[in-house]
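Note that these values count all heavy atoms, side chains included, but never hydrogens, waters or copies made by symmetry. Please read these numbers as outputs of a predicted model, since none were measured by experiment.
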Amino acid sequence: MNSGAGKEGAGDPRTFATTRWSLILSAANSESGEQKARTALDELCRTYWRPVFSFVCRSGYSMEDAQDLTQDFFVKILERNWLQHADPNRGRFRSLLLKSLENFLVNVAEGTHTRKRGGGVEFVSWDDWMAEARSQLSISAQALESLPPERLFDVRWATTVVEKVLQRLREECEGKDRLRLFYALSRHLTEERDQVSYANLSAALGVAETAVKKQLHIMRQRYRRLLRDEVAHTVENPAEVEDEIRYLCAALAAGTE
């Protein structure tokens, strides 16, 4: 992640055409239908289950209980009464989701939580998702053991954002038959220039160093635009993008110390 990414494309209104807010609020529309609500839930769950699951685990629940509670939470947030109060003007989506999760676990602890999974339908395929390849953005064992739940939530959120950006970048490169270039250069996207061995990359790719520098520069620019776009999905105001990127950069750094 790079905090300078927020400066790319500033003021472009097209970036904010579709946000996570619009995704969840669409499910609150009584005319949207069951399938639309299910689609919204599936997208939210696929995107944000890791930070939610990590928070629940760090709050003292076993892995099995955390899986069940994560399932229940995502069903809970799509209940109409909750979504009617999901106002984007109340803050960033990350903050609202965390606050909602904290309140949800308070209800669980007080024994007022009622199972809402609806016939045992699972919205997370745990066997598949827990077996996913590990991200390049590994979280240190110390962070996993010592960070309080809310900080671990932010770290997981930051890695989720970056993983989605890298996935989009990889898919773009694959579409242009440049997967080999992606795998060679993607690990250097946020490194300083003096940390990159252009000679080694040149030898590995079989191209001139000047070509490597040009391709890495292009890939970095695209990465920053995609990062800005992904973060823009989670804020209501374009002016908040840069601050959110800086915040996530700090969270990511805390998770790798």
Side-chain angles (χ1 to χ4, degrees), residues 1-3 5-6 15-16 18-24 40-59 61 66-67 69-71 73-74 76-78 86 88 90-105 123-124 126 129-130 132-169 189-190 223-224 226-237 240-257:
M1 187 178 285
N2 189 321
S3 60
T15 303
F16 299 88
T18 304
T19 67
R20 300 291 179 239
W21 284 114
S22 63
L23 182 66
I24 61 171
L41 174 61
D42 185 67
E43 174 63 17
L44 285 170
C45 202
R46 286 180 178 275
T47 303
Y48 298 115
W49 74 269
R50 286 186 185 277
V52 170
F53 177 67
S54 295
F55 182 93
V56 177
C57 283
R58 194 73 182 87
S59 297
Y61 291 92
Q67 290 177 354
L69 289 171
T70 299
Q71 301 273 8
F73 173 70
F74 278 107
K76 178 71 175 178
I77 66 173
L78 283 183
R90 293 178 63 189
R92 300 171 188 181
F93 184 45
R94 169 180 54 80
S95 300
L96 181 61
L97 196 65
L98 176 56
K99 183 62 177 177
S100 300
L101 180 57
E102 290 172 336
N103 291 338
F104 171 79
L105 291 183
F123 294 94
V124 179
W126 292 105
W129 292 8
M130 294 293 281
E132 287 178 347
R134 293 186 63 183
S135 168
Q136 298 179 43
L137 307 166
S138 58
I139 300 175
S140 70
Q142 180 178 352
L144 289 172
E145 295 174 1
S146 63
L147 287 178
E150 63 276 8
R151 291 293 293 148
L152 183 58
F153 179 92
D154 286 344
V155 171
R156 284 293 193 190
W157 187 283
T159 60
T160 294
V161 169
V162 175
E163 285 168 355
K164 283 186 66 64
V165 171
L166 291 173
Q167 179 184 356
R168 291 175 64 184
L169 186 59
L189 291 173
T190 61
Y223 168 79
R224 289 166 181 160
L226 290 174
L227 176 60
R228 177 181 168 80
D229 179 66
E230 189 61 37
V231 171
H233 286 349
T234 68
V235 298
E236 191 271 339
N237 190 332
E240 296 178 324
V241 172
E242 290 188 37
D243 284 343
E244 182 70 353
I245 290 176
R246 282 192 289 268
Y247 184 88
L248 295 180
C249 284
L252 198 59
T256 57
E257 290 178 350

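- A 4.5 Å side-chain heavy-atom check between Tyr223 and Leu166 finds at least one atom pair inside the cut-off.
- For the atom pair Thr160 OG1 and Arg50 CZ, the distance stands at 7.0 Å (nearest 0.5 Å).
- Between Glu230 and Leu248, every side-chain heavy-atom pair lies at or beyond the 4.5 Å cut-off.
- Listed here is the closest heavy atom pair of Ala66 and Phe53: CB-CE1, 3.6 Å.
- For the atom pair CG (Leu97) and OH (Tyr48), the distance works out to 8.0 Å, reported to the nearest 0.5 Å.
- Using cut-offs of 30° and 60° for the angle between ring planes, the Phe55 and Phe153 rings count as perpendicular.
- Here the shortest heavy-atom pairing between Val161 and Leu227 reads CG1-CD1, 3.8 Å.
- Between the side chain of Arg58 and the main chain of Leu147, a donor-acceptor pair closer than 3.5 Å is present.
- Between Thr234 and Trp157, some side-chain heavy-atom pair lies under the 4.5 Å cut-off.
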Full working for side chain to side chain contact (heavy atoms under 4.5 Å, CB included) between Leu69 and Val52: CA-CA 9 Å; Leu69 289 171; Val52 170; over 6 Å; no
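- Between the CG atom of Asp154 and the OG1 atom of Thr159 there is a distance of 10.5 Å, given to the nearest 0.5 Å.
- Nearest heavy-atom pair, Trp49 versus Thr70, reported as atom, atom and distance to 0.1 Å: O-CG2, 4.3 Å.
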I'd like to know whether Ser54 forms a side-chain hydrogen bond (donor to acceptor under 3.5 Å, both in side chains) with Arg156, so could you lay out the CA-CA distance, the side-chain angles of the two residues, the decisive distance to 0.1 Å, and finally the verdict. CA-CA 7 Å; Ser54 295; Arg156 284 293 193 190; 2.9 Å; yes
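- Shown are Arg224, Lys164, Arg168; of these, the salt bridge (charged side-chain N to carboxylate O under 4.0 Å, His left out) with Asp229 is made only by Arg168.
- Ser59 OG to Glu150 CD: the interatomic distance, rounded to the nearest 0.5 Å, is 8.5 Å.
- Asn103 CG to Leu98 CG: the interatomic distance, rounded to the nearest 0.5 Å, is 9.5 Å.
- Scanning both residues, Tyr247 and Arg151, for their nearest heavy atoms gives OH-NH1, 3.8 Å.
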